[in-house]
Colleague: 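I'd like to ask you about the structure that follows.
Throughout, a chain's letter reflects where its sequence line sits, starting with A, and its residues are numbered from 1.
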Protein chains: 2
Amino acid sequence: MSDVFKALSDPTRREVLQMLKAGPRSAGDLADAFPVSKPTMSAHFNVLRGAGLVSIEKAGKSVIYHLNVSVLEEALLGFAGAFGLGQRPPAKRSKEEKETP
Amino acid sequence: MSDVFKALSDPTRREVLQMLKAGPRSAGDLADAFPVSKPTMSAHFNVLRGAGLVSIEKAGKSVIYHLNVSVLEEALLGFAGAFGLGQRPPAKRSKEEKETP
DNA sequence: ACAACGATTAGACAATTAGCTAATTGTCAT
DNA sequence: ATGACAATTAGCTAATTGTCTAATCGTTGT
């Protein structure tokens, strides 16, 4: 859980995830979209992978990164849920139930 | 946004927020619930405050911390929303609409 | 076999972080 | 004004982070 939020705390990594939302992409392809060196991007990929937010698939010389939406969902909505956030509007209570608020 | 996720990336700080969910609490009261020194806790409070996740209210010798749910909500659900997460199931589209996916 | 290419690892560096103890500030009651 | 108490600031250390360049590893095409 900490790993996910740590991963999300960097703007570059958040943008990578947003790009991946549109579909899988190669490391170099992703790296080209950012103004930092490829080794730096590789480090970012490792953080994302460590958090379970992305998975890899090797294809020839390339490495394809995939977004793991479920992990993102579990962390974000799971934590939000602990605060009653993002919940379906609670069913209205009857007058009887309301007597014990 | 980065500040919020950075703040959430520490388990102690996440727990502080969870405690604050039940209602406002003094610094020392919060600090007593964790196995670290008070100055360390004070630093954590500063991080939470910098992210806008908590506000303070001074009361005599004490400082009372309040949770800012709206900031948490905006960050968590805002980002989740960018991935189509935590959304009400989208209305079903008619056959005509489906022709242009 | 070898050169070229995509990607990662190795190693270095400055900046940041979480933690501590000791010192300081601010408020209240005596 | 003094003492007690809540909280923060100051100053330190060890560990982690983001970034770089240079070197290495794997795969493909000649």
Colleague: B:Glu57 has an atom CD; how far is it from atom P of C:dG26, in whole Å?
Modeller: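 About 19 Å, once rounded to whole Å.
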Colleague: Among D:dA22, C:dG6, C:dC28, which is the nearest nucleotide to the side chain of B:Lys61?
Modeller: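 My answer, after comparing the listed nucleotides, is C:dC28.
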Colleague: Roughly, in whole Å, what's the span from CD in A:Glu15 to C1' in D:dG18?
Modeller: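 Distance check: A:Glu15 CD to D:dG18 C1' gives 16 Å.
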Colleague: Among D:dA6, C:dT8, C:dT21, which nucleotide has an atom closest to any side-chain atom of B:Pro39?
Modeller: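 Ranking D:dA6, C:dT8, C:dT21 by closest atom to the B:Pro39 side chain puts C:dT21 first.
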Colleague: Do B:Ile64 and B:Val71 sit in one hydrophobic cluster, given that two such residues count as connected whenever their side-chain heavy atoms are within less than 4.5 Å of each other, even indirectly?
Modeller: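 Different hydrophobic clusters.
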Colleague: In this structure, how many angstroms lie between the P atom of C:dT27 and the CD1 atom of B:Ile64, rounded?
Modeller: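 Rounded to the whole Å, the gap is 14 Å.
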Colleague: I need the CG-C1' distance between A:Asn46 and D:dG18, as an integer number of Å.
Modeller: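 The answer, rounded to whole Å, is 13 Å.
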Colleague: Check the phosphate of D:dT17 against A:His44, side-chain N and O only, distance under 4.0 Å to OP1 or OP2. Yes or no?
Modeller: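 No, no such contact exists.
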Colleague: Considering non-hydrogen atoms only, spot the tightest contact between A:Asp10 and A:Thr12 and give its length.
Modeller: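 The pair with the smallest heavy-atom distance is OD1-N, 2.8 Å.
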Colleague: Would you kindly give the OH-to-C1' distance between B:Tyr65 and D:dT8, to the nearest whole Å?
Modeller: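 Going from B:Tyr65 (OH) to D:dT8 (C1'), I get 9 Å.
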Colleague: Check the distance between D:dT9's C1' and B:Arg49's CZ and give it to me in whole angstrom.
Modeller: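 My rounded result for the distance is 13 Å.
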Colleague: Using whole Å, what does the distance between atom P of nucleotide C:dA15 and atom NZ of B:Lys6 come to?
Modeller: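 The answer, rounded to whole Å, is 15 Å.
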Colleague: Between D:dT19, C:dT8, D:dT9, which one does the side chain of A:Ser42 approach most closely?
Modeller: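 In terms of side-chain proximity for A:Ser42, the closest of D:dT19, C:dT8, D:dT9 is C:dT8.
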Colleague: Is there a side-chain contact between A:Glu57 and A:Val63 in this structure, where contact means two heavy atoms from C-beta onward sitting under 4.5 Å apart?
Modeller: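 In short, these two side chains do not touch, never coming nearer than 4.5 Å.
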Colleague: Name the orientation class of the two ring planes belonging to A:Phe5 and A:Phe79 (parallel below 30°, tilted from 30 to 60°, perpendicular beyond 60°).
Modeller: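 Ring orientation, 0 to 90° scale: perpendicular.
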Colleague: Checking all strands, does B:Lys58 fall into the base, sugar-phosphate, or nothing category for heavy-atom contacts under 4.0 angstrom?
Modeller: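 No contact.
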Colleague: Give A:Thr40 one of three labels, base, sugar-phosphate or nothing, depending on what nucleic acid heavy atoms sit under 4.0 Å from its own.
Modeller: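 Base: the residue A:Thr40, judged by heavy atoms under 4.0 Å, touches a nucleobase.
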Colleague: Contact class for B:Ser37 (heavy atom, under 4.0 Å): base, sugar-phosphate, or nothing?
Modeller: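 The residue B:Ser37 makes base contact.
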Colleague: In terms of the nearest nucleotide of DNA chain D, which residue is placed more toward the 5' end: B:Asp29 or A:Val47?
Modeller: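 Its nearest nucleotide being more 5', the pick is B:Asp29.
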Colleague: Counting any heavy atom closer than 4.0 Å, what does A:Thr12 reach on the DNA or RNA strands: base, sugar-phosphate only, or nothing?
Modeller: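 Touches nothing.
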Colleague: Base, sugar-phosphate or nothing for A:Phe34? Non-hydrogen atoms, less than 4.0 Å.
Modeller: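 It contacts nothing in the nucleic acid.
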Colleague: For a quick test of reading the model: is some side-chain N or O of B:Lys38 closer than 4.0 Å to OP1 or OP2 of C:dT21?
Modeller: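 Result: no.
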Colleague: Compare side-chain N and O positions of B:Ser26 against OP1 and OP2 of D:dA6 and report whether any pair is under 4.0 Å apart.
Modeller: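 No.
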Colleague: For residues B:His66 and B:Ile56, determine if any side-chain heavy atom of one lies less than 4.5 Å from a side-chain heavy atom of the other.
Modeller: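 Side-chain contact under 4.5 Å: no.
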Colleague: Same cluster or not: A:Val47 versus A:Val36, using hydrophobic residues (I, L, V, M, F, W, Y) connected whenever any side-chain heavy atoms lie under 4.5 Å apart?
Modeller: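 A:Val47 and A:Val36: separate clusters.
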Colleague: What's the CG-P distance between A:Leu48 and D:dT17, to the nearest Å?
Modeller: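 Going from CG in A:Leu48 over to P in D:dT17 covers 13 Å.
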Colleague: Relative to the 5' end of DNA chain D, which residue comes earlier, B:Phe45 or A:Val36, by the nucleotide with the nearest heavy atom?
Modeller: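 Nearest nucleotide further toward 5': that of B:Phe45.
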